[in-house]
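Here is the structure we will look at, set down as structure tokens.
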Amino acid sequence: MELTRRDALAALAALGGSTAGCTAPTADRLEHSEESDGSAGGDTDDAVAVRPDEGTLATMTAAAEVVFPSSVTGHREFVEAYVVGRVEDREVYRTGLVQTAAALDATARDWHGDGFAALDPVVRDRLLRNLGVDGAEGDPDGTLTDRVRHYVVEELLFALYASPTGGKLVGIENPVGHPGGTASYRQATMSESGENG
Amino acid sequence: MGSESGTAGAAGVDRTPSPDADVCVVGSGPAGALLAHRLADRGRDVVVLEAGPRFSMDDREERMERHIRGTGSVWGMGGERDAFASTGEQAYPLNAARVKGVGGTSLHWQGMVMRLHERDFEMQSRHGVGVDWPIDYDDLRPYYAAAERAFGVAGASDNPYAPPREEPHPLPAFPPSHSDSIFAEACERLGIDMHSVPNARNSEPYDGRSPCVGYGTCKPVCPSGAKYTAESHVGKAEAAGARVVDRAPVQRLEHDDSGERVEAAVYATPDGTEHRQRAEQFVVAAGGVETPRLLLLSESPQYPDGLANSSGLVGRFFMDHCYAGMGGRYDAPTRQKHVGFNTSETHQFYDDETPVEGMKMEFLNYAGPSPVMEAVRADTWGDELLGRLKDAYGTHIAMGALVEQLPREENYVGLDRSTTDDHGNPVPEVHWSVGDRTKQALERANEVQRAVLEELGVDVEWAVGPGNTGPAFHHMGTTRMGTDPSASVVDPDCRSHDLENCWLVGSGVFPTGGAMNPTLTIGALSLRAADALDAELSE
């Protein structure tokens with residue numbers, strides 16, 4: 001099943017996140033960090049700086065390739081649209097996400113000699129588990145493990161499984177958290193298109 | 001102590017007292033909001049003091065996310081402000097059962113709105129149990145209709161066990177679910193009648209609010225605004241001229257020298273100031289726990305046992321509805337968790353005499369786990385997680401039930417003087433237990449549920465019944481209504497027997513609780529009390 005920008009917009013719409021930066025992304029809105037590891041840019045008040053740096057998007061995409069089921073493709077498009085929408089007008093959140101992604105990337109370099117996104121997916125999976133992320137409780141103000149759980153793993157799982165596309169993988173086209181209308185609950189079988197198309 | 005009115009606080013929100021209030025209402029849940037609106041609409045000068053904050057509509061999706069991800073209290077309950085003691089045989093999780101804020105507990109309620117049955121008002125004279133209400137169904141009937149219009153109830157006249165009604169519900173009922181159709185086959189064979197559920201949830205646009213869009217998180221938060229909350233009538237009250245002051249917890253009521261009238265509500269504000277709100281009439285609408293607590297906190301030399309408590313019954317007869325439930329797996333998809341509300345029930349067993357306790361049966365649309373809520377809590381990811389989610393979702397099926405708990409004086413809400421809240425006041429003590437006869441009624445509810453599920457060929461995997469029941473979070477009975485001042489706290493108009501200008505509205509006044517979700521009756525009683533109070537002001 002291929003994830004698309006449209007899937008990300010559906011996930012965002014459910015969460016009250018902005019879709020403005022996704023529906024009409026333009027080059028001049030891109031705000032790359034000065035630092036390749038993505039650790040900067042978190043505290044700026046610059047209104048243009050709504051988009052996480054490329055390093056953050058690459059790390060999130062690489063994480064999605066691990067935490068999403070293998071039947072899913074199109075990670076980059078989905079993650080980019082979703083993450084950009086999620087951080088818009090949420091500066092504290094954006095800062096937390098960027099710093100956490102950067103710290104995860106730095107850990108990958110320490111442990112495996114390469115950035116998180118450059119590692120083999122099997123190694124990424126092992127790295128997350130060795131960090132204890134699988135058994136952690138997400139906490140945006142916690143340890144690195146707790147923050148990775150919150151900003152990376154839970155965020156991605158939430159984005160996927162609260163969306164019709166992720167729900168359909170399990171058998172529900174209108175999952176909890178998605179405003180999919182009041183027709184599907186009456187139907188005996190899953191609609192492939194879902195109420196929202 | 002005290003301050004002059006008319007000056008705004010440092011934060012720009014004026015929390016000083018209103019200078020010429022006719023009516024001071026304590027609490028802005030459904031009881032307080034409906035009454036405040038009706039009185040303001042009739043030109044009365046109304047001020048509402050709400051302990052909790054005013055929540056914006058703009059962040060409801062974030063509150064929903066907090067619920068789904070389990071990242072904290074959706075409505076900020078807990079901490080020193082909300083400390084309490086649970087001392088009965090049965091633990092009572094009070095802060096899961098209420099919300100402090102503009103709109104009150106309706107912010108997180110499920111939104112099921114049934115009228116009590118005629119016999120619920122006459123349990124003593126008909127069945128020799130509990131106590132009769134001093135009013136009957138006919139007294140409340142026009143107010144039930146008014147409350148249904150206020151809430152925008154979606155319902156149908158297809159329930160053969162419901163009491164008589166004079167007009168259709170304001171909105172059409174939500175159609176039955178797919179899983180209702182599964183239950184229908186078994187119920188048909190067993191001779192059990194299913195019917196629609198009256199929901200305080202828009203099946204169509206109503207009163208400026210959206211129809212349901214299927215977020216599936218009705219309880220604890222509806223991001224679309226389709227579910228009624230008392231914020232609706234707070235807004236209407238304000239539009240009609242009422243003033244609603246948030247973050248203004250009332251500390252105590254003070255009476256005059258004669259002891260016959262309340263003179264002022266003393267409330268605190270976030271800047272640490274205490275104010276005195278004077279008014280002609282006072283209405284306490286703070287729920288079945290905080291209303292008796294406030295009366296008990298208002299003790300004085302003249303009333304050492306608390307205000308309006310010459311009967312000694314303030315806080316006594318605390319009741320809740322007890323939950324019975326049962327579920328398992330069906331051999332085909334049951335299509336659960338698409339919406340967060342139910343569409344079918346049966347009230348067929350409600351008026352039975354053996355046991356005499358009322359019970360209403362629910363056919364759940366939200367049995368089993370939600371995939372997304374399981375996913376974010378799982379200790380794995382990738383294909384392994386998807387496999388688990390597929391195993392966990394799809395064929396769950398379950399029934400629920402509310403069972404009546406008759407009033408027992410040994411169940412009470414009191415003060416725990418060993419613990420104080422953020423203002424130094426003793427915290428509420430909830431002392432709750434479930435007696436043997438209630439347990440027998442729970443057993444009967446389980447019998448019916450088991451019969452239906454076995455008829456469907458379901459292997460029952462779990463049951464909640466006599467040994468492990470819990471409260472439905474309906475706080476009732478603690479300021480009971482009656483005509484005898486020695487045996488009740490308020491009169492049939494919800495005015496306290498002891499103080500002529502002190503009114504208590506909400507489920508605390510229920511002498512018995514039936515087994516129907518209480519909020520429609522709360523609304524009806526509140527509108528009726530508003531009429532009586534308005535008449536009093538006109539004299």
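Letters go in sequence order (proteins before strands), and every chain restarts at 1.
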Q) Closest approach of B/P371 and A/I172, non-hydrogen atoms and distance? A) CG-CG2, 4.0 Å

Q: Give, for atom CZ of A/R86 and atom CD of B/E65, the distance between the pair rounded to the nearest 0.5 Å.
A: 4.0 Å

Q.
For the interface with chain A, which of B/D58, B/V339, B/T334 has the highest count of heavy-atom pairs at distances below 4.5 Å?
A. B/V339

Q: Just give me the residue among B/P223, B/G340, B/A378 that pairs up with chain A most often, heavy atom to heavy atom, under 4.5 Å.
A: B/A378

Q) Given a strict heavy-atom distance threshold of 4.5 Å, which part of B/S203 is in contact with chain A: side chain, backbone, both, or neither? A) neither

Q) If you count the non-hydrogen atoms of other residues, nucleotides and ligands that lie under 6.0 Å from CD in B/E188, is the total more than 12? A) no

Q) With respect to chain A, which residue among B/P176, B/G70, B/G216 yields the maximal number of heavy-atom pairs within a distance under 4.5 Å? A) B/P176

Q) Could you walk me through whether A/R186 and B/H338 pass the side chain to side chain contact (heavy atoms under 4.5 Å, CB included) check? A) CA-CA 9 Å; A/R186 290 178 264 159; B/H338 290 246; over 6 Å; no

Q: Flag yes if more than 12 heavy atoms outside B/E384 fall under 6.0 Å of its CD atom; otherwise flag no.
A: yes

Q) Heavy-atom distance under 4.5 Å between the side chains of B/R69 and A/E155, does that happen here? A) yes

Q: May I ask you to test the B/D180-A/Y185 pair for a side-chain heavy-atom distance under 4.5 Å?
A: no

Q | chain B contacts, top residue of A/V133, A/L156, A/L157, A/V67 (heavy-atom pairs, under 4.5 Å) | A | A/V67

(Q) For chain A, which candidate among B/D379, B/T217, B/D391 shows the most heavy-atom pairs at distances under 4.5 Å? (A) B/D379

Q) Between A/S163, A/A162, A/S70, which residue shows the highest count of heavy-atom pairs closer than 4.5 Å to chain B? A) A/S70

Q: Go through the atoms of A/F158 and report whether side chain, backbone, both or neither lie under 4.5 Å from a heavy atom of chain B.
A: both

Q) Which bit of A/L160 is near chain B, if near means a heavy-atom gap under 4.5 Å: side chain, backbone, both or neither? A) neither

**Q.** B/R377, part contacting chain A, at a heavy-atom distance under 4.5 Å
**A.** backbone

Q: Might you point out which heavy atoms bring A/G171 and B/Y393 nearest each other, and give the distance in Å?
A: O-CE2, 3.7 Å

Q: Please state whether the side chain, the backbone, both or neither of B/Q336 comes within less than 4.5 Å of a heavy atom of chain A.
A: backbone

Q) Closest approach of A/L169 and B/K390, non-hydrogen atoms and distance? A) O-CE, 3.0 Å

Q) Between B/T380 and A/R129, do the side chains contain an N or O donor and an N or O acceptor separated by less than 3.5 Å? A) yes

Q: Under the side chain to side chain contact (heavy atoms under 4.5 Å, CB included) rule, what do A/M190 and B/R335 come out as? Steps first, then yes or no, please.
A: CA-CA 8 Å; A/M190 187 168 71; B/R335 307 282 289 163; 3.6 Å; yes

Q.
Can you confirm whether B/D459 is buried at CG, in the sense that more than 12 heavy atoms of other residues, nucleotides or ligands lie under 6.0 Å from that atom?
A. no

(Q) Given heavy-atom pairs under 4.5 angstrom as the criterion, report whether the side chain, backbone, both or neither of B/Y366 touches chain A. (A) neither

Q: Name the region of A/D139, side chain, backbone, both or neither, that has any atom closer than 4.5 Å to a heavy atom of chain B.
A: neither

Q. Taking all atoms of both residues into account, what is the closest heavy-atom pair of A/S71 and B/D383, and its distance?
A. N-OD1, 4.4 Å

Q: Output the distance between atom OH (A/Y161) and atom CG (B/L385), rounded to the nearest 0.5 Å.
A: 4.5 Å

Q. Closest heavy-atom contact between B/A375 and A/R149?
A. O-NH2, 4.4 Å

(Q) Ignoring hydrogens, what is the shortest heavy-atom contact between B/H178 and A/Q187? Give both atom names and the distance. (A) CB-O, 3.6 Å

Q. Under a 4.5 Å heavy-atom cut-off, does chain A meet the side chain of B/L386, its backbone, both or neither?
A. both

